[in-house]
Amino acid sequence: QVQLVESGGGLVQAGDSLRLSCAASGRTFSRYTMGWFRQAPGKEREFVAIINWSGVNIYYTDSVKGRFTISKDNAKNSVVLQMNTLKPEDTAVYYCAASGGRNGDPRMWKYEYWGQGTQVTVSS
């Protein structure tokens, strides 16, 4: 029902910015809560940013707060993660995901749909 394709990853230097995009299919895209997750080598996948289906609630993991911004454009069926002041610790494969959840904390939800991921590498 929802297909996700990430783009915008690349190799950048510390302090640079990068804009990740997630293109989604489906007429009902606006009813899904969208999240960005990442997985660094040797580490577990972690939540980065989430935007509630209504756009009212937004969450960021502490390490990116103030540097990253998540946004959702229902008209374009896309979700964007603007990443500023990148650090080497941000190096990871970034995934876009969607959840049909409606109640409770979105950070606790199961995300049913996932993209293939896009590599972000930040050098010192």
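One-based numbering along the sequence shown. When reading the values below, keep in mind they use all heavy atoms of this one structure, side chains included, and skip hydrogens, waters and symmetry mates. All figures in this text were calculated on a predicted structure; none of them were measured in a lab.
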- request: Tell me whether V80 is reachable from Y113 by hopping between hydrophobic residues (I, L, V, M, F, W, Y) whose side-chain heavy atoms are closer than 4.5 Å.
  value: no

Cluster overlap M83 with I50, hydrophobic side-chain contacts below 4.5 Å: no

query: Is there side-chain contact between L18 and D16, with heavy atoms separated by less than 4.5 Å?
result: no

T91 side chain vs V122 backbone, donor-acceptor pair below 3.5 Å: yes

query: T118 side chain to E6 main-chain N or O, any donor-acceptor pair under 3.5 Å?
result: no

Side chains of residues 95-105: which donor-acceptor partners sit under 3.5 Å, not counting sequence neighbours?
unit_1: S99; atom_1: OG; unit_2: G101; atom_2: N; d: 3.2
unit_1: S99; atom_1: OG; unit_2: K110; atom_2: O; d: 3.1
unit_1: S99; atom_1: OG; unit_2: E112; atom_2: OE1; d: 3.4
unit_1: R102; atom_1: NH1; unit_2: R31; atom_2: O; d: 2.8
unit_1: R102; atom_1: NH1; unit_2: G100; atom_2: O; d: 3.3
unit_1: R102; atom_1: NH2; unit_2: R31; atom_2: O; d: 2.6
unit_1: D105; atom_1: OD1; unit_2: R107; atom_2: N; d: 3.0
unit_1: D105; atom_1: OD1; unit_2: R107; atom_2: NE; d: 3.0
unit_1: D105; atom_1: OD2; unit_2: R107; atom_2: NE; d: 3.1
unit_1: D105; atom_1: OD2; unit_2: R107; atom_2: NH2; d: 2.8

field: Cluster link V5 to V2, ILVMFWY, side chain under 4.5 Å
entry: no

task: Determine the minimum heavy-atom distance between S17 and N84, stating which atoms define it.
output: OG-OD1, 2.9 Å

query: Honestly curious: do Y59 and W53 fall in one hydrophobic cluster under the side-chain, below-4.5 Å linking rule?
result: no

query: Can you check whether S21 reaches S78 side chain to side chain, under 4.5 Å on heavy atoms?
result: no

- prompt: Just how far is it from atom CD of Q82 to atom CG of L20, taken to the nearest 0.5 Å?
  reply: 8.5 Å

- line: Between V93 and G117, the two heavy atoms sitting closest are CG1-CA, 3.9 Å

message: Ring centres under 6.0 Å, that's the criterion: do F37 and Y111 meet it?
response: yes

query: Got a donor-acceptor contact below 3.5 angstrom from the Y60 side chain to the I70 backbone?
result: yes

From CE (M34) to OG (S71), nearest 0.5 Å: 11.5 Å

- prompt: About how many Å separate CG of N52 and OH of Y32, when rounded to the nearest 0.5 Å?
  reply: 14.0 Å

field: side chain to side chain donor-acceptor pair (under 3.5 Å) partners of residues 33-48, not counting sequence neighbours, each pair once
entry: R38-E46, R38-S63, R38-D90, R38-Y94

